[in-house]
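Everything on this sheet refers to the single structure shown next.
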Amino acid sequence: VDVHISLEGRGDLAAGIYRQLLEAVLDGRLRAGEQLPPTRELARRLAVSRNTVATAYERLTAEGFLTTRTGAGTFVCTDALHRLRPDPGSRRAPRGGAVRPRRLWREMPGPAPLSAEPATFDFSVGVPDRRLFPFEAWRRLVNRELRLGATRSAEYGEPAGHAGLRAALARHIGVSRSVRADAADIVVTHGAQQAIDLIGRVLIEPGALVAVEDPGYVAARLAFRALGAKVVGVPVDDEGLQVARIPAGARLVYVTPSHQYPLGPPMSLRRRTALLTWAGQHGAVVVEDDYDSEFRFSDRPLEPLQSLDRHGRVVYVGSLSKTLLPMLRLGFLVAPSALQPALRTAKQLTDWYGELPTQAALAQFIDEGLLARHIRRATREYGQRRDRLVAAVTGQLGEWVSIVDSSAGLHVCAKLRPEVAVDMDRVMRTAGSAGVAMRSLRDYCLDGPPLEGLVLGFGVIPTERIDEGVARVATALQAGAAGSAGSAQRRRRDT
Ligand SMILES: Cc1ncc(COP(=O)(O)O)c(C=O)c1O
């Protein structure tokens, strides 16, 4: 066959011939059994030495793509492609490639698929309402950054992020969350997730013990695991993480003290103090994830761990994903100065400094008072939804579940009553087919016996759909109870 080969420049000519012949075999231009031109002829056509062509042929022969029959010539091997293509019965993608990720990554659960259509009764957890977002104002501020005159944000930036934003965030969290920080303590990140990743990168030695709340935030737990940590779950009660049960060797403790995720109660002041004392005694770091407590519906917030800490053991993580929108990927961390150089280097090596026009727009958004105004407005709306949801759950699901007390955030948790037996898988399936999106509490559990219950978000569902949505959850619980061997009804009949 007359296979087309083009050689450019004076590089490694044998490698060029090898690569093009291999591609021709792989994409089927050269088929099994076909004869290649003799080395002398191809060398003449390409104006290279015969040795150069022979080197390429020999390599392909050694790799099993070509075979030489004495006296007859060089041919494409009949089984050349079997080497690379999976057998037809295999379910693996033919273009899967020959390389595989490290074992850790093969075992890591993949991202949950996003649903194409929003559910009719959407109790998705941790998602804010995009209809409340002030698009008009945001567009104005981003547009301003995207003009030629605003070239300052078109340059390479500081790994810690936009200086104006760091200053604005420091003021904002100082007022709204009593976090003690100035601009130098802040690193702007792509959401809380990148903050968690950076903290893990600079603090976790391979194999180090990391303690997380159980039940707790799965994405944080997996991020620590991905960094080589051994992650252990520590049970949570009404006061928050049970400090006495943290394993002594833990180097890092990750908590959500403002609004325990997903149960909801704040960590008591007593526990906060105990946790800081424990961290001091054991030389551990505490990561305080304050992801959604800007939406607060009653009582004053307790002091964050970050401001109770007198020894620089706490790294505070904040996110704009709930306060504004998760699509913006805006978050930040507040860290003691001893960690700053490493965190900034880690940030630079990861993605340098994020997206400056968005960061600059947020700085202005805060400085113009728009963030505070948005939070006030959205809190009023979310408060109504929350009241409606709590009333509906108490009224319609009270037989099965009891709401866990909490006063912040965008979701509520309802624990299954201990005397009730319900097949939760069936509940979730029935609810799903009735157009209800919600989460099972079991999904957040790590080491202990799984807690049973429901986690219901009120960020996206319109108030007027809440009662009907909860009615469908009631039907799903009925189906789950009927499907469970020891259902509450049956037990009641028996007694
Ligand atoms: C506990 C917790 N932390 C942080 C986040 C926010 O993450 P990000 O800012 O990366 O969107 C969430 C979102 O669901 C969360 O539940």
Side-chain angles (χ1 to χ4, degrees), residues 109 111-112 114 122-130 133 161 165 169 172-173 177 186-201 210-224 226 231 233-234 236 240-241 252-267 286-295 304-306 315-334 347 350-351 354-355 358-359 362 371 382 404 406 408-413 437-441 443-446 455-460:
L114 294 173
D122 195 350
F123 296 109
S124 286
V125 179
V127 188
D129 193 337
R130 66 182 201 285
F133 182 73
L165 176 56
L169 281 170
H172 174 72
I173 56 177
R177 308 284 308 108
I186 293 185
V187 176
V188 178
T189 58
H190 282 293
Q193 195 62 24
Q194 190 183 36
I196 292 166
D197 178 68
L198 294 176
I199 295 164
R201 277 171 196 257
V210 165
V212 297
E213 296 165 327
D214 189 6
Y217 185 40
V218 177
R221 178 193 307 170
L222 293 177
F224 294 132
V231 181
V234 177
V236 172
L241 182 101
L252 186 152
V253 185
Y254 165 86
V255 284
T256 50
S258 305
H259 184 227
Q260 202 280 329
Y261 190 79
L263 294 174
M267 183 183 280
V286 176
V287 177
E288 174 176 31
D289 181 356
D290 194 2
Y291 61 103
D292 73 351
S293 70
E294 301 264 27
F295 300 122
L305 289 167
Q306 194 270 354
V315 184
Y316 178 93
V317 173
S319 171
L320 279 300
S321 288
K322 320 290 166 196
T323 324
L324 292 176
L325 289 176
M327 73 173 186
L328 299 174
R329 304 310 302 140
L330 283 164
F332 60 94
L333 59 82
V334 180
K347 172 72 172 147
T350 308
D351 78 345
E355 207 192 319
T358 313
Q359 293 182 14
L362 177 59
L371 180 63
Y382 290 139
V404 183
S406 72
L410 292 179
H411 70 268
V412 290
C413 179
M438 60 178 179
R439 297 292 299 272
S440 168
L441 179 54
D443 296 347
Y444 302 88
C445 297
L446 178 60
V455 187
L456 297 157
F458 50 84
V460 269

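Atoms within a ligand are numbered from 1 in the order they appear, just like the ligands themselves. Numbers here simply count residues along the sequence, with the first being 1.
When Val287, Asp290, Leu333 are each tested for a side chain to side chain contact (heavy atoms under 4.5 Å, CB included) with Tyr316, only one passes: Asp290.
At least one donor-acceptor pair under 3.5 Å links the side chain of Tyr291 to the backbone N or O of His259. Listed for the Gln260 side chain is a donor-acceptor partner under 3.5 Å among the backbone atoms of Leu263. When atom types are taken as modelled, the side chain of Glu288 and the backbone of Pro257 share no donor-acceptor pair closer than 3.5 angstrom.
In terms of the salt bridge (Lys or Arg N to Asp or Glu O under 4.0 Å) criterion, Asp292 has no residue partners (sequence neighbours excluded).
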Between ligand 1 and the protein, tabulate every N or O atom pair separated by less than 3.5 Å, reporting distance only.
unit_1	atom_1	unit_2	atom_2	d
ligand 1	3 (N)	Asp289	OD2	2.5
ligand 1	9 (O)	Ala192	N	2.6
ligand 1	9 (O)	Ser319	OG	2.6
ligand 1	9 (O)	Ser321	OG	3.1
ligand 1	10 (O)	Ala192	N	3.2
ligand 1	10 (O)	Gln193	N	2.9
ligand 1	10 (O)	Arg329	NH2	2.8
ligand 1	11 (O)	Ser321	OG	2.7
ligand 1	11 (O)	Arg329	NH1	2.9
ligand 1	14 (O)	Lys322	NZ	2.7

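Here the shortest heavy-atom pairing between Leu441 and Val455 reads CA-CG2, 4.1 Å.
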